[in-house]
> 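Take a look at the following structure, please.
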Amino acid sequence: MDRVKTGISGLDEMLNGGIPARRHIAIFGGPGSGKTSFCFEFAYRGAKAGEPSLYLSLEETDDDIIENMKNTFPMLTDISELVKSKLLKIVKPDKIDMDKIAEVVENAITDDGVKRVVIDSATMVRMSFVKEIEYRQTLFEFLSLLRNLDCTTLTTLEATTSKKEDMVFDLEHFVMDGIISVYNLDRGDRRIRALEIYKMRGTDHSRDLVPFKVTPSGIKVYVGEKVF
Ligand SMILES: Nc1ncnc2c1ncn2[C@@H]1O[C@H](COP(=O)(O)OP(=O)(O)OP(=O)(O)O)[C@@H](O)[C@H]1O
Ligand SMILES: [Mg+2]
């Protein structure tokens, strides 16, 4: 099986080498759990390795994403350079519309040879629909389109709680090929970050809940360590 290395320290080890190529994976977590940072690093590492990457931001403007990520990861000093060279494309569509998003993704693949796509966030797409049934139909159509395209996609998915035991699953969790859950766990006087690979179709993977940190040089996943 072809795999795409996320490039995130420790994560590829948990995934037995990386995310299965051409799949659609959700990064699921509560507010501030690190979803954007994770997805950004995935796109950044791809771009750095010469794989054109597209980051579709449906919430924050492209300038905000760049500014925030430069502040979050100050040691990744070539972000602007990669953006300028178009290896790292950060785009905020003027309106949230599944057809428009599909068009942007298709064009990026055919015109720019994009291999990695990030959609931040699926929840914004859902909110743009008045009728649930229309959202469902469009989501299915969009995912079947993605299956025929030569790109690996990460989508952020918002959880309405930061409590691990209160997470609820929705349609998206069943239709995606994989779910990586990121948590900002309450430990009384502090919060700690942890993640788990909840599902990943077609591959064995770690089933441990492991701590991670957002560090200036990137996300570090501490494989083999316990969450206290
Ligand atoms: N330089 C930094 N060093 C350590 N942690 C940082 C740094 N910059 C940001 N963070 C942490 O990362 C968090 C934001 O992460 P991120 O934006 O990736 O989360 P998110 O899950 O996408 O949030 P949202 O639900 O708001 O979209 C901040 O709330 C902060 O705790
Ligand atoms: Mg975010």
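Numbering of ligands and ligand atoms starts at 1, following listing order. Numbers here simply count residues along the sequence, with the first being 1.
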> List the steps, then state whether salt bridge (Lys or Arg N to Asp or Glu O under 4.0 Å) holds for D62 with K92.
CA-CA 6 Å; D62 38 352; K92 180 167 194 289; over 6 Å; no
> Give the residue, atom name and distance (to 0.1 Å) of the protein heavy atom nearest atom 4 (C) of ligand 1.
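Going by distance alone, atom 4 (C) of ligand 1 is nearest to V214 O, 3.4 Å.
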> With a cut-off of 4.0 Å, which atoms of ligand 1 are near a heavy atom of R193?
11 (C), 12 (O), 13 (C), 30 (C), 31 (O)
> Between D12 and T6, do the side chains contain a donor N or O and an acceptor N or O under 3.5 Å apart?
yes
> Please determine if D177 and R147 form a salt bridge, counting it only when a charged side-chain N lies under 4.0 Å from a carboxylate O.
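Salt bridge present between D177 and R147.
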> Going by atom types only, do S80 and K70 share a side-chain donor-acceptor pair under 3.5 Å?
yes
> Can you tell me which residue and heavy atom of the protein come closest to atom 17 (O) of ligand 1, and the distance to 0.1 Å?
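For atom 17 (O) of ligand 1, the nearest protein heavy atom comes out as T36 CB, 3.9 Å.
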> Is the closest basic N to carboxylate O distance between K100 and D94 below 4.0 Å?
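Answer for the salt bridge query: no.
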> Identify the protein heavy atom lying closest to atom 20 (P) of ligand 1, giving its residue, its atom name and the separation to 0.1 Å.
K35 N, 3.5 Å
> So which heavy atom in the protein is nearest atom 7 (C) of ligand 1, and how far is it from that ligand atom?
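The closest one turns out to be T72 CG2, 3.9 Å.
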> Is the distance from the ring center of F73 to that of Y44 below 6.0 Å?
no
> Side chain or backbone, does E59 bring an N or O within less than 3.5 Å of an N or O on ligand 1?
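No; the residue has no nitrogen or oxygen that sits under 3.5 Å from a nitrogen or oxygen of the ligand.
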> Which protein heavy atom lies closest to atom 26 (O) of ligand 1, and at what distance to 0.1 Å?
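Nearest protein contact, heavy atoms only, for atom 26 (O) of ligand 1 is G32 N, 3.9 Å.
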> Report the residue from R116, K115, R45 that forms a salt bridge (charged side-chain N to carboxylate O under 4.0 Å, His left out) with E51.
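Exactly one option meets the salt bridge (charged side-chain N to carboxylate O under 4.0 Å, His left out) with E51, and it is R116.
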> If you measure from the Lys or Arg side-chain nitrogens to the Asp or Glu carboxylate oxygens, is any gap between D112 and K86 under 4.0 Å?
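The answer is no: the pair does not qualify as a salt bridge.
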> Does G34 reach ligand 1, in the sense of a heavy atom lying below 4.0 Å from it?
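So G34 counts as touching ligand 1.
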> Around the Mg ion (ligand 2), what protein N, O or S atoms are found below 2.8 Å?
T36 OG1
> Might you confirm whether atom OH of Y198 has over 12 heavy atoms from other residues, nucleotides or ligands at distances under 6.0 Å?
no
> Is P74 near ligand 1, meaning one of its heavy atoms is under 4.0 Å from it?
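Outside the 4.0 Å threshold, so no.
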> Decide yes or no on side-chain contact (heavy atoms from CB on, under 4.5 Å) for L87 and E81, but give the supporting numbers first.
CA-CA 9 Å; L87 273 167; E81 225 173 278; over 6 Å; no
> Tell me, which protein residue and heavy-atom name are nearest atom 15 (O) of ligand 1, and how many Å apart are they?
S37 OG, 3.6 Å
> Output the list of atoms in ligand 1 that are nearer than 4.0 Å to some heavy atom of G30, sorted by atom number.
21 (O)
> List ligand 1 atoms under 4.0 Å from P31, heavy atoms only on the residue side.
25 (O)
> Check this for me, if you would: do D120 and K35 make a salt bridge, where the nitrogen-to-carboxylate-oxygen distance has to be below 4.0 angstrom?
no
> Salt-bridged, E132 to R126, with N to O below 4.0 Å?
yes
> How about atom 24 (P) of ligand 1: does it have a protein heavy atom within less than 4.0 Å?
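Within 4.0 Å of atom 24 (P) of ligand 1, protein heavy atoms are found.
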> A quick test of your reading: do over 12 heavy atoms of other residues, nucleotides or ligands sit less than 6.0 Å from CZ of R207?
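No, CZ of R207 has 12 or fewer neighbouring heavy atoms, counting only those of other groups under 6.0 Å.
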> By number and element, which atoms of ligand 1 are closer than 4.0 Å to a non-hydrogen atom of N71?
1 (N)
